[in-house]
2 protein chains.
Amino acid sequence: MKDFLIALEYEGLTSRLKRLSDALLYSTKDLYKSEGLDIEPNWNLIFKLLRDHKEMTITEMSDALQFSHPAIVKIVNKMKKQSYIASYCDKDDKRKQVLSLTKKGYQYMKNLEVYWQNGASVVEDLLVDSPNFLEEITRIEEKINQLNYKQRVLLKLNKE
Amino acid sequence: MKDFLIALEYEGLTSRLKRLSDALLYSTKDLYKSEGLDIEPNWNLIFKLLRDHKEMTITEMSDALQFSHPAIVKIVNKMKKQSYIASYCDKDDKRKQVLSLTKKGYQYMKNLEVYWQNGASVVEDLLVDSPNFLEEITRIEEKINQLNYKQRVLLKLNKE
DNA sequence: CATAGTTATGTAACTGGTTACGCAAATATA
DNA sequence: TATATTTGCGTAACCAGTTACATAACTATG
């Protein structure tokens with residue numbers, strides 16, 4: 001059966017992006033599960049952020065990833081429960097929670113590297129016939145950041 | 001603050017796809033809400049499917065859109081509750097539910113056309129500097145359909 | 001033609017995001 | 001310095017998908 005979303009062209013793109021990202025997400029979860037790994041999707045982002053920055057707050061992470069802060073809170077709390085992350089209260093600003101990887105976190109990260117490397121290599125393979133993809137999706141992200149979908153549609157509607 | 005996901009290159013793509021598709025999804029919902037429209041994301045897909053095919057079953061829709069069947073069931077049930085869709089039991093196969101748009105459904109669809117047209121036009125604008133995007137994402141979808149992310153990573157792991 | 005397997009659909013539980021709201025701490029201002 | 005505003009973060013409720021499981025109806029086969 002023909003793929004209706006693809007046939008829709010411009011009108012199908014949003015749903016295709018969701019469909020593709022869901023497929024990758026669930027497949028990643030499935031991989032972790034079948035490998036018996038104690039990690040969830042996007043923990044890798046937090047691991048890498050803290051590997052590169054040593055210490056960060058929730059807000060800084062939410063800024064760097066451009067995720068809502070509750071999303072970060074949820075991930076971080078799970079990682080704390082597994083003792084991959086520790087935190088202390090910033091003494092200059094008591095609202096802030098300063099997060100960093102524990103020794104256990106650093107050690108566990110070593111086990112994950114092989115999955116990250118092969119994962120990146122898979123993405124590279126997926127993109128090999130799509131050499132402009134990364135560049136072009138970056139441009140789309142930039143546009144959406146400047147003026148979101150709703151604003152753009154409203155602008156068109158009001159011009160009529 | 002620099003975008004960490006973009007800096008991650010291959011390792012950030014999956015999360016960027018989700019981030020982008022979520023941004024579009026929530027912005028679409030926001031648009032519908034602020035316009036007072038009685039419609040949810042992806043209802044448009046069902047409307048269009050039934051506009052083009054008159055009658056379809058759950059499984060046919062799930063096939064055409066490549067969504068899981070429970071996803072279709074949920075959407076269709078909501079649209080039935082609003083009387084945009086009616087159904088009858090297939091007399092040759094009593095398991096099947098034959099779905100079609102009601103008169104109310106067709107009428108309501110007319111109100112939506114202007115949003116669909118402008119939405120498509122917005123997507124066109126978003127893609128104007130990304131002329132290869134649609135073609136290249138199609139190739140990525142094809143690859144994932146042939147061998148999913150998990151399978152690809154496992155293959156690489158086992159080769160080591 | 002009885003029964004084993006397959007298919008269509010429904011339902012439950014889960015997931016990983018979001019928005020909305022609240023509060024305490026910090027900052028700006030009158 | 002009292003008060004208004006902003007900021008950091010936590011929690012609740014929601015949302016649109018998924019997988020897993022159940023059931024009834026159809027199909028194929030010994």
Side-chain angles (χ1 to χ4, degrees), chain A residues 5 14-34 39-46 56-63 65-80 87-99 148-150, chain B residues 5 14-34 39-46 56-63 65-80 87-99 148-150:
Chain A
L5 291 190
T14 299
S15 300
R16 284 168 72 186
L17 286 172
K18 173 143 182 63
R19 189 175 64 177
L20 179 56
S21 87
D22 276 348
L24 291 169
L25 177 71
Y26 285 101
S27 201
T28 302
K29 284 169 61 70
D30 193 13
L31 171 67
Y32 290 155
K33 192 178 169 189
S34 76
I39 181 177
E40 292 175 23
N42 287 344
W43 288 22
N44 60 339
L45 302 177
I46 308 294
M56 288 187 91
T57 67
I58 299 280
T59 301
E60 283 164 359
M61 288 179 167
S62 134
D63 234 48
L65 300 178
Q66 285 174 228
F67 283 21
S68 70
H69 83 266
I72 309 291
V73 170
K74 281 186 192 178
I75 300 171
V76 163
N77 281 342
K78 286 186 199 164
M79 293 178 73
K80 275 179 161 179
S87 69
Y88 62 87
C89 198
D90 186 308
K91 65 172 176 298
D92 293 331
D93 185 339
K94 287 173 195 162
R95 293 169 308 176
K96 288 186 187 170
Q97 199 191 153
V98 183
L99 302 161
N148 71 32
Y149 179 81
K150 177 193 177 190
Chain B
L5 291 189
T14 299
S15 299
R16 283 167 72 186
L17 285 172
K18 172 143 182 64
R19 189 175 64 178
L20 180 56
S21 87
D22 276 347
L24 291 169
L25 176 71
Y26 285 101
S27 200
T28 302
K29 284 168 61 70
D30 192 14
L31 171 67
Y32 290 154
K33 191 179 169 188
S34 76
I39 182 175
E40 293 176 21
N42 288 343
W43 287 21
N44 60 339
L45 302 177
I46 308 295
M56 288 186 92
T57 67
I58 299 280
T59 302
E60 283 164 359
M61 288 180 169
S62 135
D63 234 49
L65 299 179
Q66 286 174 227
F67 282 22
S68 70
H69 83 266
I72 309 291
V73 170
K74 282 186 192 178
I75 299 171
V76 163
N77 281 342
K78 286 186 199 164
M79 291 177 74
K80 275 178 161 181
S87 68
Y88 62 89
C89 200
D90 186 309
K91 66 171 173 300
D92 294 330
D93 186 340
K94 287 174 193 160
R95 294 169 308 176
K96 287 186 187 171
Q97 199 192 152
V98 183
L99 303 161
N148 71 32
Y149 180 81
K150 177 193 177 190

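Just so it is clear: chains get the letters A, B, ... in the order the sequence lines come, proteins before strands, and each one is counted from 1.
B:K29 places its NZ atom 13 Å from the P atom of C:dT18, with the value rounded to the nearest Å. Between B:D30 atom CG and C:dA20 atom P the separation is 8 Å, expressed in whole Å. Rounded to whole Å, the distance from CG on A:L65 to P on D:dC9 is 14 Å. Atom CG of B:L99 and atom P of C:dA8 are 14 Å apart (whole Å). Atom C1' of nucleotide D:dC26 and atom NZ of B:K96 are separated by 10 Å, given to the nearest angstrom. The distance between atom CD1 of B:I58 and atom P of D:dA24, rounded to the nearest whole Å, is 19 Å. Note: CG (A:D90) to C1' (C:dA26) measures 12 Å, nearest angstrom. With rounding to whole Å, B:Y32 atom OH is found 15 Å from D:dC15 atom C1'.
In this structure, B:E40 CD and B:T28 OG1 are separated by 12.5 Å, a value rounded to the nearest 0.5 Å. Between atom CZ of residue A:F67 and atom NZ of residue B:K18 there is a gap of 8.5 Å, rounded to the nearest 0.5 Å. Between the NZ atom of A:K29 and the OG atom of A:S27 there is a distance of 11.5 Å, given to the nearest 0.5 Å. Of the inter-residue distances, the one linking B:I72 atom CD1 with B:K74 atom NZ reads 11.5 Å to the nearest 0.5 angstrom.
Applying side-chain contact (heavy atoms from CB on, under 4.5 Å) to B:S15 and the options A:L45, A:L65, A:L24 leaves one that passes, A:L45.
Nearest heavy-atom pair, A:K150 versus B:S34, reported as atom, atom and distance to 0.1 Å: CE-OG, 3.4 Å.
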Next on the checklist: Please evaluate residues A:Y26 and A:D30 with respect to the criterion side-chain contact (heavy atoms from CB on, under 4.5 Å), reporting the C-alpha separation (whole Å), side-chain torsions for both, the decisive distance (0.1 Å), and the verdict.
Outcome noted: CA-CA 6 Å; A:Y26 285 101; A:D30 193 13; over 6 Å; no
Item to check | Test side-chain contact (heavy atoms from CB on, under 4.5 Å) applied to B:Q97 and B:I58, step by step | outcome: CA-CA 7 Å; B:Q97 199 192 152; B:I58 299 280; 4.2 Å; yes
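Map B:K33 and B:K18 each onto its nearest nucleotide of DNA chain C; the residue landing nearer the 5' end is B:K18.
Remark: B:F67, B:S68, B:P70, B:A71, B:K74 in residues 67-74 of chain B come within less than 4.0 Å of DNA chain D through at least one heavy atom.
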N/O contacts under 3.5 Å, protein versus nucleotides 1-7 of chain C?
unit_1	atom_1	unit_2	atom_2	d
C:dT7	O2	B:R95	NH1	2.3

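Between the A:T57 side chain and the A:V98 main chain, no donor and acceptor come within less than 3.5 Å of each other.
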